[in-house]
Amino acid sequence: DDTKVPRNYYLSLFGLTGGTAYQGVVACLQVKKGDYFFINAAAGAVGTVAGRIAKLRGAYVVGCAGGEKKCKSLIEDFGFDDAIDYKKYSNEEAFAKVLKEKFPKGIDKYFDNVGGYQTDAVLPQLRRLSRVAVCGQISQYNKKRPERHKWTLGTIIYRNIKIEGFLYLHLVTDREA
């Protein structure tokens with residue numbers, strides 16, 4: 001009986017937003033109990049749902065958002081374990097330092113919506129056999145030339161890191177084919 005479900009959920013939670021979050025967390029990252037999960041743009045539509053799904057699967061969840069109010073909401077309203085206000089850490093070095101504080105043992109699963117210096121700070125902190133789902137690159141969309149990452153493929157090889165770019169619509173249409 002779908003009459004008890006608010007209609008707007010079909011455009012958000014049960015639509016593209018929820019589908020993207022679910023596919024990223026479950027299909028790409030394969031988040032499981034005990035994982036250390038980090039997501040940027042966490043206060044956005046996909047980020048909040050992805051963080052909740054990761055939390056429900058038993059992960060320790062830290063989200064990154066812009067501003068104290070959004071970070072507080074991630075913890076209080078969405079059940080994240082912790083949050084990082086990227087506006088306080090606006091370069092790779094500072095961001096890497098706060099990530100190390102939040103994840104002293106490293107990161108297992110990274111849901112990337114932003115790219116740029118945040119991704120450069122995350123990648124060296126990924127643990128062996130970690131996974132990265134690249135869903136967006138907000139920091140690069142309006143640049144004339146995208147930034148080049150500072151990390152090397154050797155790190156990915158040595159740590160057996162799996163990086164997967166995805167679009168929800170591709171996952172759905174590929175599965176139906």
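T48 contributes atom OG1, which lies 9.5 Å from atom CD1 of I53 (distance to the nearest 0.5 angstrom). How far OH of Y36 is from OG of S130: 14.0 Å, rounded to the nearest 0.5 Å. If you take CD1 on I161 and OG1 on T155, they are separated by 7.0 Å, rounding to the nearest 0.5 Å.
Grouping the Ile, Leu, Val, Met, Phe, Trp and Tyr side chains by contacts below 4.5 angstrom, directly or via other members, places V114 apart from V122. Taken together through direct or relayed side-chain contacts under 4.5 Å among Ile, Leu, Val, Met, Phe, Trp and Tyr, Y117 and I138 form parts of separate hydrophobic clusters. When the side chains of ILVMFWY residues are joined at heavy-atom separations under 4.5 Å, either directly or via intervening members, Y86 and I75 end up in two distinct hydrophobic clusters. Put simply, V134 and L126 are part of the same group of oily side chains (I, L, V, M, F, W, Y) that touch within less than 4.5 Å, one to the next.
When atom types are taken as modelled, the side chain of N113 and the backbone of N40 share a donor-acceptor pair closer than 3.5 angstrom. Checked by atom type and distance alone, the side chain of N160 never pairs as donor or acceptor with a backbone atom of L129 at under 3.5 Å.
In terms of heavy atoms, A133 sits closest to C28 at CB-CB, 4.0 Å.
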Do any side-chain atoms of residues 87-97 form donor-acceptor pairs under 3.5 angstrom with protein atoms, and if so which ones, sequence neighbours left out?
{"from": "N91", "atom 1": "OD1", "to": "E93", "atom 2": "N", "distance (Å)": "3.1"}
{"from": "N91", "atom 1": "OD1", "to": "A94", "atom 2": "N", "distance (Å)": "2.8"}
{"from": "E92", "atom 1": "OE1", "to": "K150", "atom 2": "NZ", "distance (Å)": "3.1"}

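Residue pairs meeting the salt bridge (charged side-chain N to carboxylate O under 4.0 Å, His left out) criterion with at least one partner in residues 28-45, sequence neighbours excluded, are K32-D35, D35-K109. Sorted by first and then second residue, the pairs that involve residues 121-138 and meet salt bridge (charged side-chain N to carboxylate O under 4.0 Å, His left out), not counting sequence neighbours, are D108-R127.
A salt bridge between D85 and K70 is absent, with no side-chain N of the basic residue lying under 4.0 Å from a carboxylate O of the acidic one.
Annotation for Y158: hydrophobic cluster partners, listed by chain and number, are none (ILVMFWY side-chain heavy atoms under 4.5 Å, direct or chained).
Taking the ring-ring contact (aromatic ring centres under 6.0 Å, His included) definition, one finds that F38 meets it with Y110, sequence neighbours left out. Residues satisfying the salt bridge (charged side-chain N to carboxylate O under 4.0 Å, His left out) criterion with K102, sequence neighbours excluded, are D82.
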